[in-house]
Amino acid sequence: MTTPMLRRDGRTRTMLNRLGFGSFVLPLTLFMLLVFCLPLIGVVRTSICDGDCSLVAYVDFATGKLFHRALINTLSIGFVTGLVSVICGYFVAYHLSRMTARRRRFFLVLVMLPFWTSILVKSFAFTVILGTDGIINNALQAVTGTDIVIPMIFNRAGVIIGMAHWLIPFAVFPILSSLLSQDKALRDAAEIMGARPWDIFWKVTFPLSLPGVIAGGLMSSVIGMGSFVTPALLGGRRDMMMANLVDFYVREALDWRMASAIAVILVLIALLILSLAAWLRQRQESGAAA
Amino acid sequence: MRFLTKNLSLPVIVTWLIYVFLLVPSLVVIPISFGTSNELVFPPQDWGLDLYRRALDPAEGWLAAAGRSMVLGILATTIALLMGVPAAYGLSRSRFPGQKALTFMLMSPIFAPTIVVALALYLYFATLGMTGTMAALAMSHAVVITPFILVTTLSGLKHLDRNIENAAMVMGATRLQIFFHVVLPALKGSVLTGGLFAFLLSFDEVIVSWFIARSDQPTLPVKMYSSIQWEISPVLSAISTFLVAITVVGSVVAAFISSAETDGI
Amino acid sequence: MTTNKLSLQQVSKAYGYVDALHPTDLNVAESEFVTLLGPSGSGKTTLLKIIAGMERPSGGRVFINGRDTTETPVRERDLGMVFQNYALMPHLSVFDNVAFPLKVRKTGAEEIRRKVGEALGTVQLAHLADRKPQALSGGQQQRVSIARAIVYNPSLVLMDEPLGALDKKLREQLQHEIKQLHERLGITILYVTHDQQEAMSMSDRIALMNEGRIEQLGAPRELYFSPKTAFAADFLGNSNFIEATVSEVSAAATRCRLSGGEELLAPRRDGVRQGDAVRLMVRPEHIRLIGGDGAAEDNVLTASSLGPTFFGDALEIRAQIADGSEVSVKVANNFEVAAAAPGQPLRLGWSSDHTHLFASGSGR
Ligand SMILES: Nc1ncnc2c1ncn2[C@@H]1O[C@H](COP(=O)(O)OP(=O)(O)O)[C@@H](O)[C@H]1O
Ligand SMILES: [Mg+2]
C-alpha cells in the first residue's frame, strides 16, 4: 500500500517503503549485528586465532583433566537441577492451575518475586541459611542439643539448592500453561467412568502435561548449565562449572583463546539440547496431528 | 472428589514447603539488616540501624555503586526501548523472507549462556579500547535486556485490533504517523511494564558487568559479588533488603499496570 | 412398579440468588430413553450435573438404581456420560480410550480386549482401534465416546447435547444410530438437547424444561398434540397464536371472539370463564386453504396472503388476518403458488379439535 506522498520522495524513502513495516526493525538489527553477532563471531575466532591460529585450545579441552571435570560438573549439575526444578515446579504449577484466576494472580507474584530478586541477594541469603553457623544448623543444634553440622554450602548440595531456587520459576511457567490448557471435561469424564483422584492424575493430567514438563526441564537445565554466580558463591572448589572456567581463564590465566574455546563448547551444548527440545516438540505435534 | 474436604494431604504440604523455600531467601535478609552486630547471627541480638548507616557511608562505596547501577539501568533501558519497541512493531506487522531467522537472532541473548555473551562483549570492547566505559556497559546491558522488551511489546501488540491501523492507513496516515499516534498510545501499558522489568534486569545484572566494569568502579551487583566472595559482611543484608524492596515495588507496580491493562480490554 | 434406574425427589439448585433449578421430580425406568428438552439456560445441564455428582443439589435427593446417591462420590455412581465435545483422551488410542473405564476397574487384560472389541464393533469402529482420536472425524469421535460410555454397562448413560457439534446430516445419522443402540442393548439413557426434532424422534418420553422447571413430561406425541402451556406449544413444532376473548363457555366447547370480530371454537377448558383474555393456538399443518365458499371446517378465517416460502418438502404461506396478526399455513410443495401471491385473499379453515386454548400472557 503506497501512498502518493511517499512515492515522490528520494531513493532511501523508496527503499524503506519497499521494506514497509520491516524498516522499523532496521535500527535494532544493525545494533545487534554490531554489538552481539560480531562479538560472538569474535569469540569463535579468538578460540582459534589469538596471535597465531591453531586448534590447541580444543585439543587441550579434549585432553585436560580439569576440563573433563568441569564438563561433567556442568552436565550433571544442569541435569540434576533441571530435575529438581521440574519436580518442585510441578507441585507449584499444579497448585496454581487449580485455583481461580484472581487468586492465581496473587500467587504468581509470590512465584515471580524470587525470580526477580537479585541472584546475589539469594546467594547471600543462602550462605546465611545453609552455612555451618547458619540458621538451619543452629536450629538443629538447639533442638538436638548436639553440635551436629550438616554441610550444605560450598559443596554440590549448595549449588543445587541455590540453582533450583533460581530455576523453579522457569519450570513452573511451561508446566502451568500446559496444565491450564487441559480440558476439564477430560477429568470429569474420567471421574464418571470410575477413576480415583490418583488414577485421574497419573492417567490423564500428568501424561497431558508432559510437553510442559519436558520444555520446563530442558529450559531449566540449559539455563543451569550456563550458570556462573551460584557455583562460584555456593559451591566448593570441586564444583567448578564451565562458566567459572571461562572466568578463570580470562582473569587469572589471561588465556583468551582457552576461555573462548570453552565458551564455544558451552554454546554448542546449549544448542544441542535446545534442538533436542525443538525436535521433541515437533514429534509431539506431528504425532498429535497424525 | 468434590465431596472430600480439603484435607492436608502430603502433596499439599510439599507445595507449601516449596513456596516457603521460594520466599524465605528474599525475606530472611530483612530482619538481619536491622541487627547491630558485626557477626552474622539470626535472629539478631540487638536491633538498630547500624548496618544501614554503614551501607550509606560514602567511604564504603556502596552509594557510589548504587548510583552507577541506577544510571546504567536508565541508559540501557532507554536504548533498549528506543530500538526494541519499533522493532517489535515491525516484526508483528510485516512478512519478509528470513523473518524467523531475524527474530531468532534478536531474541537469542535470552537463550545464550550469559557468560558467553559477557566474554564476547569483553573481548569486543577490549579490542575497541572501551572496556570499563559507561558507554560499553550501557550497550552491553542493552543487548541483554532488549529481548525482554521485544517479548512484552509483541504480546501487547497481539491484543491490538489491526483494523484500527488499517483504517488510519486508508485515511492516508503514514507508517510513522500510525506508529506514533495509533500504536504507541495503545501500547503504553506493555511498554511501561517491559521497561520496568528491563530496568530491574539491568539493575541486578552481574555477569556482564563483572567482565566489563572497571574493578575500581563497580556496579552494585558487582560490588556485592566480590564482597560475598571475600568476606560475608552483615552490611550485605542492608544492601540486600534495599534490592528486595526495589524488586517488590517493581513487580507490584508492573502487576498493577498489566492487570489494569487486561481489565480495561 | 419396579425400581427406577433414576429417581429425583424435589431436587433443586440455586447459584447465589439464581434459582437454576426449582424443586424437581423425575423418574426414569429401566431401558427408557428420556430427553431433557429446553432452551438454553433452562437448567438442563444443571440437572445432569447434579445427577452425575459434579454439582451438589441445594435440596432434594437423587436415587440411582434405587440407592440414595445424593452424597455418593462421582466415581461410585455407576454412570456413563457422553459429552458434547467428546472429551476423548488425546494421548490415548481409540482402543485405550474405550478401555479406560475397564482399566480403572482393574478388569483383566483378556476381558478388556473382548469388551472393547465388542463395544467398538457396536459403533462400527473396530477397524480404527489404533488411531488417535484427533485422527477421526467428529462423528467417529462421538461414536468412540459412546462406545466408552457403554463398555462397562453403567446403570444409566447421560448424554449432554452429544450431537451439538456435528453438522445436520451427520446429526441425523447419529440420532438414528443412538436410537438403534438403545433399542438393541436396552440401555437406559438420559439425553439433553435443545433441538425439539431430535427430542421427538428419539425419546420415549420428553421432559420439557423452562426456567428451571419441568414444564411438561410425557411421550413426544402427547407434548405435540396436547401441550399444556403456550410455551410447550410454541417450543415443540411450529405454532400460530391468535389473541381472543372468551364470549361463551358451553359444556362441549369454548367460543372465542377475535378483535377483528370473527369467532372461533376451541375445546372446553376448566377454569376458563366468559370474558377471559386467551391465546388460541393452531399448528400450520392443521390449517387448510379452503377454495370457493366450501366450509367443511368449524373454524374459518379470511386472510390476505403475504406470500409463499418454499422449503423443499413443503410450502409455507404467511397470511394476515383481520386483527393484523400473522398466521402461517403449511401446504404440499406442489401447491399452485399464484393463488398465494402477496395480496391474494385466502380462506383458512381448521377443526376446533386442533385448536388449543391457553390463558393470555402465559408462555413467552
Ligand atoms: N456455575 C454457575 N454459576 C451461576 N449460575 C449458573 C451456573 N451454572 C449455570 N448457571 C445458571 O443456571 C441456569 C441454568 O443453566 P444450565 O443448566 O447450564 O442451562 P442449560 O444447560 O439448559 O442451557 C442459567 O441461568 C445459568 O446462567
Ligand atoms: Mg447446557
Side-chain angles (χ1 to χ4, degrees), chain A residues 1 3 5-6 20-25 27-29 31-32 35-40 42-43 46 88 91-92 95 105 109-114 116-129 135 165 168 191 197 226 228-229 232-233 243 246 250 256 259-260 263 266-267 270 274, chain B residues 1 11 14-15 18-19 21-23 25-26 28-29 32 40 42 83-84 86-87 89-91 93-94 96 102 105-106 109 111-116 119-124 139 143 146 169 172 174-175 200 204 206-207 211 221 224-225 228-229 232 236 240 243-244 247-248 250-251 255 259:
Chain A
M1 200 176 289
T3 53
M5 195 184 86
L6 285 177
F21 284 111
S23 54
F24 283 83
V25 196
L28 182 63
T29 307
F31 176 77
M32 290 298 278
V35 193
F36 182 66
C37 295
L38 208 56
L40 279 185
V43 170
T46 311
C88 295
F91 279 96
V92 172
H95 178 241
R105 203 180 276 168
V109 173
L110 289 193
V111 177
M112 290 309 285
L113 201 65
W116 287 108
T117 303
S118 161
I119 191 153
L120 295 162
V121 172
K122 296 191 285 191
S123 301
F124 169 69
F126 274 123
T127 60
V128 177
I129 297 170
I135 297 173
H165 185 266
I168 285 172
E191 205 180 352
F228 163 73
V229 175
L233 296 183
V246 171
V250 171
W256 288 4
S260 301
L266 189 58
V267 169
L274 286 174
Chain B
M1 196 155 70
V14 171
T15 308
I18 295 170
Y19 278 117
F21 171 63
L22 285 175
L23 286 177
S26 312
V28 79
V29 296
I32 297 175
L40 263 177
F42 186 91
M83 293 184 305
Y89 180 62
L91 284 176
R93 293 297 185 259
S94 57
F96 50 85
L102 179 63
M105 187 270 268
L106 298 179
F111 314 119
T114 319
I115 186 78
V116 177
L119 173 69
L121 291 166
Y122 171 76
L123 298 180
Y124 185 66
M139 283 196 274
V143 167
T146 312
M169 200 179 265
T174 64
R175 291 190 180 91
L200 283 180
D204 284 345
V206 56
I207 303 177
F211 275 77
M224 277 188 84
Y225 178 72
I228 298 177
Q229 259 190 329
I232 299 170
L236 286 167
S240 295
L243 284 177
V244 169
T247 308
V248 171
S251 328
S259 75

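Any value given below was found using the heavy atoms of this structure, including those in side chains, with hydrogens, waters and symmetry copies removed. Just so it is clear: chains get the letters A, B, ... in the order the sequence lines come, proteins before strands, and each one is counted from 1.
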The interface call for V248(B) against chain A, heavy-atom contacts under 4.5 Å, is both

When the 4.5 angstrom heavy-atom criterion is applied to Y19(B) and chain A, the contacting part is side chain

**Asked** Taking the inter-plane angle between the rings of F24(A) and Y89(B) on a 0 to 90° scale, is it parallel (under 30°), tilted (30 to 60°) or perpendicular (over 60°)?
**Response** perpendicular

Return the option, out of [options], with the maximum number of heavy-atom pairs under 4.5 Å with chain B.
{"options": "L40(A), L233(A), V43(A)", "answer": "L233(A)"}
{"options": "G226(A), P114(A), P27(A)", "answer": "P114(A)"}
{"options": "W256(A), F228(A), F126(A), F124(A)", "answer": "F124(A)"}
{"options": "V229(A), V111(A), V109(A), I119(A)", "answer": "V229(A)"}

When rounded to the nearest 0.5 Å, the distance separating NE2 of H165(A) from OG1 of T117(A) is 7.5 Å

I'd like to verify something: which residue of [options] has the highest number of heavy-atom pairs under 4.5 Å with chain A?
{"options": "G250(B), A87(B), P221(B)", "answer": "A87(B)"}
{"options": "G84(B), P25(B), P113(B)", "answer": "P25(B)"}
{"options": "L121(B), L106(B), V28(B), L200(B)", "answer": "L106(B)"}
{"options": "L236(B), L91(B), T114(B)", "answer": "L236(B)"}
{"options": "S251(B), P86(B), S26(B)", "answer": "P86(B)"}

So, the part of V128(A) with a heavy atom under 4.5 Å from chain B: the answer is side chain

Okay, L113(A) and chain B: the region with an atom under 4.5 Å from a heavy atom over there is both

